[in-house]
Novice: 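I'd like to ask you about the structure that follows.
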Amino acid sequence: MTQVFAFEKRLNDFHQLGKAQAFNTSAMGKCALAFMNQTVQTDVLTRTKLQTQTKNSLTDQNSLAYSLQIIKDQGYALDDEEVELENRCLAVPVFDKNEQLVGTLGVLGTKTTLQRRKINKLVHDLQIASSQLTGQIFNN
């Protein structure tokens, strides 16, 4: 986690700065892995022991591989109470001008604030922000 913009009711989110999450549980980690080169993705999956953070964490290699394909097809990843119960995170990839993955962009919220019915709109907004980042970083 390299940047956090916490709002008043979630100031404890600043404690997440510099914290690493298991890639198999976080939306940002799954998103990054889904959009990596297939050879790198396979290598990471075969060399890494999948961690459990909640009862919802994906800890089966085959289920995770299937999930990564869905993430790539839909263009975003969702952590639905996989890191912390009652929280959801949504992430989209950020690409360079050659369409190579350079990072992910995500939002975190409670199940109440990041409702399933809002996901499509949030994905759309995050994808626009991702494209703008690419343009600002790589076209200057």
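Bear in mind the structure is a predicted one, so any value in this text is a computation, not a measurement.
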Novice: Is I71 linked to V44 within one hydrophobic cluster, defined over Ile, Leu, Val, Met, Phe, Trp and Tyr using a side-chain heavy-atom separation of less than 4.5 Å?
Specialist: yes

Novice: side-chain hydrogen bond (donor to acceptor under 3.5 Å, both in side chains) with Q132: which residues, sequence neighbours excluded?
Specialist: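 If we apply the side-chain hydrogen bond (donor to acceptor under 3.5 Å, both in side chains) test to Q132, skipping adjacent residues, there are no hits.
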
Novice: Atom CZ of R88 and atom OG1 of T113: how far apart are they, to the nearest 0.5 Å?
Specialist: 9.0 Å

Novice: For D125, what residues pass the salt bridge (Lys or Arg N to Asp or Glu O under 4.0 Å) criterion, not counting sequence neighbours?
Specialist: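 Here the qualifying residues are K121.
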
Novice: Check whether E81 reaches the backbone of N87 with its side chain - one donor and one acceptor, N or O, closer than 3.5 Å.
Specialist: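 No: the side chain of E81 does not pair with the backbone of N87.
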
Novice: Between the main-chain N or O of P93 and the side-chain N or O of T104, is there a donor-acceptor pair closer than 3.5 Å?
Specialist: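 No, the answer is negative, given that no donor and acceptor are paired below the 3.5 Å cut-off.
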
Novice: Tell me, please, which residues at least two apart from Q41 pass side-chain hydrogen bond (donor to acceptor under 3.5 Å, both in side chains).
Specialist: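 side-chain hydrogen bond (donor to acceptor under 3.5 Å, both in side chains) list for Q41, sorted by chain: Q38.
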
Novice: Determine yes or no for a side-chain-to-main-chain donor-acceptor pair under 3.5 angstrom, with N98 supplying the side chain and Q100 the backbone.
Specialist: no

Novice: Does S130 offer a backbone N or O that forms a donor-acceptor pair with the side chain of T134 under 3.5 Å?
Specialist: yes

Novice: Check whether any side-chain heavy atom of L78 lies under 4.5 Å from a side-chain heavy atom of R116, and answer yes or no.
Specialist: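 In short, these two side chains touch, coming nearer than 4.5 Å.
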
Novice: Starting at OG of S63, measure out to CG of N24 and round the result to the nearest 0.5 Å.
Specialist: 11.5 Å

Novice: If we check side chain to side chain donor-acceptor pair (under 3.5 Å) with T25, which of these qualifies: E84, Q53, E82?
Specialist: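 That would be Q53; it is the only one of E84, Q53, E82 passing the side chain to side chain donor-acceptor pair (under 3.5 Å) with T25.
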
